[in-house]
Every structure is written in C-alpha cells, then in structure tokens.
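Just so you know, residue 1 is the first one in the sequence shown, and it goes up from there.
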Amino acid sequence: MIARSWLFAPGDNARLLEKAFEVGADQVILDLEDGVVPANKDEARSAVADRLATAPAWVRVNEPRSELCARDLDAVGAAARGIRMAKVESAEDAEWVAERAPGLPIVCGIESARGIFAAREIAAVGAVENLSLGGADLTRELRCGDGPMELLASRSALVLASSEAGIDPPIDRVYMDLKDNEGLASEAAHASALGFGGKSAVHPRQLAVINVAFAPGAAEVEWAEAVLAASRRAGGGPAQLDDGTFVDAPVYRRAADLLAIARDRDD
C-alpha cells in the first residue's frame, strides 16, 4: 500500500516519540535532522534507538556524506524501517547511505535545484523507494513563490523521474500553516492530481486531510467500477460509458489500479 501521510516526530521530544504512533499516520518518521537542534543530536540518537526497539519507523538522518549522518546510521540504521534522507543532490549521495544501511529502503528528500536536475539518477539507485519534495529550502534557493504554479515544474520532475525508475510515487512537502486546513487540502489535492502518492506532515491535525486527499473518493470508485463493467461488456475492447465517454485498454488499466488502491485502504 502506498503511504499517504508521513508524520515527522523530533527525536529529542519524548512525548512526540510516543504520540506519533497513535494519531493515524500511514508512516512515522523519527527525525534526527532539522527537527533536532545541534546540542541535542546525541540525546536524540539514543532516544530514537530506544523507540525503534518497540515501534518500527523511518528515521530522517542528517545531510549525506557528513559525520553527523554517519553517526546517525551507526546509531539507528540497523533498527529503522527505512531511511529518510535530507538534501539529496546526486545518486552518489543515495549510494553513500545505502552502503551504510544495507537492505533498508530509502526516501530521498529533494530540496535544491541540483537535486531536481539529478532526480532521474537518484530515483534509479536500487535502494531508493521514493523521492520527496522539499519545501522551504527549495523555494528559498529558487527565489520563487509558494503557490502551485511556482513549484509545478519541480513537482512534475519528481513524478516523471519516479515513474521512469518504476518506484513508488513521490511524497509532497510539508504544508507549514498548521491552522489552514483548506489550504492544506488544496495543496494535497493538487499534488495528488499531478501524480504524488502522499504528503509529509509535522502535526497530527494535518493527517486526516492528507489521508482523504490521497485516497480514492466515492465518485472515483464509482467511475472505475463503471469503466470495468464497460470493459467486460465489450470483451476488453473499446467501449462507451453512459455519459458518452470513450474508454479503451489504457483507461481500463487505470480503473483497475484505482480500485486496487481503494481495496488496500479498506483492508
């Protein structure tokens, strides 16, 4: 099942390390990077290692090829469900982590123009399971606005790279206004329509909105069922829906994929 919601929990916050697993996130990410101030890095590594003993989770490590990242992987790599990388700019960055965390899936955070342009090569690294769009770092570097059009090219680059590499769809950035559910829903719907599979979050109140945005709705399920019924009547050949829409083999495959996702959500 493709994860819809990815919730960050700072590694040095004991309360959130417990609560993060109880609030409905598809995946939990125990954070050793930006969510932890430098003075607390060692404390966070120890706390995350302890938590992983009873609650499998992803771990976000510090910048690749750094001493901090090496220490993160030494401390928690063997127990993590997977590694969430930050500031990935090359395939070599991902390979460096994969060599130090053998057998673990990796999500690569793309947070710079260099990372966007290298997305195809990064996605092709064997251990990489997803690409993830960065937020504040990327818009700062690009000197662009924060709306859907300003980041359209960056989001589309990750969707194309992921599809070409045959990995799961990318994960969208954190929506930073924690009180703006309408804005969160709009951005999540936009990312989903572009081909993203889920979205990161920093607060439990964002999860319900994200989970709805990245799951098939009732109208989509009804459409997919109608498409497959038309396919059966036509023996798999081209057909026409009751509303006049022409459908054929690629549309049938899309409908089957959507219903498979819907069944996963119901299980």
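Within the structure, ring-ring contact (aromatic ring centres under 6.0 Å, His included) contacts touching residues 6-53 (residues at least two apart or in different chains) are W6-W58.
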Could you check V247 against Q240 for side chain to side chain contact (heavy atoms under 4.5 Å, CB included), going step by step and ending with a plain yes or no? CA-CA 6 Å; V247 292; Q240 192 176 61; over 6 Å; no

Would you please test D12 and R45 for salt bridge (Lys or Arg N to Asp or Glu O under 4.0 Å) and show each step? CA-CA 8 Å; D12 59 348; R45 291 187 189 99; over 6 Å; no

Let's go through E129 and I106 carefully: what are the C-alpha distance in whole Å and the side-chain angles of both, what is the deciding distance for side chain to side chain contact (heavy atoms under 4.5 Å, CB included) to 0.1 Å, and is it a yes or a no? CA-CA 6 Å; E129 190 168 279; I106 295 173; over 6 Å; no

Apply side chain to side chain contact (heavy atoms under 4.5 Å, CB included) to residues V107 and L131 and explain how you reach the verdict. CA-CA 6 Å; V107 170; L131 303 178; over 6 Å; no

Using the rule given for side chain to side chain contact (heavy atoms under 4.5 Å, CB included), can you reason through V48 versus L52, listing the C-alpha separation, both sets of side-chain angles and the distance that settles it, and then say yes or no? CA-CA 6 Å; V48 167; L52 290 172; 3.9 Å; yes

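Residue G115 comes nearest to I122 through the heavy atom pair O-CD1, 4.0 Å, listed as atom of the first residue, atom of the second, then distance. Heavy-atom minimum distance, A101 versus L73: CB-CD2, 4.3 Å. Minimum interatomic distance between L258 and A224 (heavy atoms only, all atoms of both residues): CD2-CB, 4.0 Å.
The pair E187-R155 meets the salt-bridge criterion, with a side-chain N (NZ, NE, NH1 or NH2) lying under 4.0 Å from an Asp/Glu carboxylate O. Salt-bridge check for D74 with R71: failed, with every basic side-chain N at 4.0 Å or more from each acidic carboxylate O. In summary, K87 and D34 engage in a salt bridge, as defined by a charged side-chain N under 4.0 Å from a carboxylate O. Of the charged side-chain nitrogens involved, none lies within less than 4.0 Å of a carboxylate oxygen, so that D146 and R140 do not count as a salt-bridged pair.
Here R84 pairs with nothing under the salt bridge (Lys or Arg N to Asp or Glu O under 4.0 Å) rule; sequence neighbours left out.
Distance OG/S192 to CZ/F214: 5.0 Å, rounded to 0.5 Å. Atoms CD and CG, from E18 and N13 in turn, are 10.5 Å apart once rounded to the nearest 0.5 Å. Interatomic distance, T54 OG1 to R51 CZ, rounded to the nearest 0.5 Å: 4.0 Å. Here CD1 of I83 is found 11.5 Å from CD1 of I29. Values are rounded to the nearest 0.5 Å. Between atom CG of residue D172 and atom NE2 of residue H190 there is a gap of 8.0 Å, rounded to the nearest 0.5 Å.
Follow the hydrophobic side-chain contacts under 4.5 Å out from I261 and you never reach V251; the two are in separate clusters. Residues V36 and L16 fall into different hydrophobic clusters, defined by Ile, Leu, Val, Met, Phe, Trp and Tyr side chains chained together at heavy-atom separations under 4.5 Å. Hydrophobic clustering (side-chain heavy atoms under 4.5 Å, transitive across Ile, Leu, Val, Met, Phe, Trp, Tyr) keeps L207 apart from V28.
Counting heavy-atom neighbours within 6.0 Å of R65 CZ, excluding the residue itself, gives a total above 12.
For the residue pair S112 / E89, a side-chain donor-acceptor distance below 3.5 Å is found, with atom types taken as modelled. Under 3.5 Å, the side chains of R4 and Q27 contain no donor-acceptor pair of N or O atoms. Judged by distance alone, the side chains of D72 and N62 do bring a donor and an acceptor atom under 3.5 Å apart.
Looking only at distances, a side-chain donor or acceptor of E150 sits under 3.5 Å from a matching main-chain atom of G147.
Within the 4.5 Å cutoff, the side chain of S154 has heavy atoms near those of the L133 side chain.
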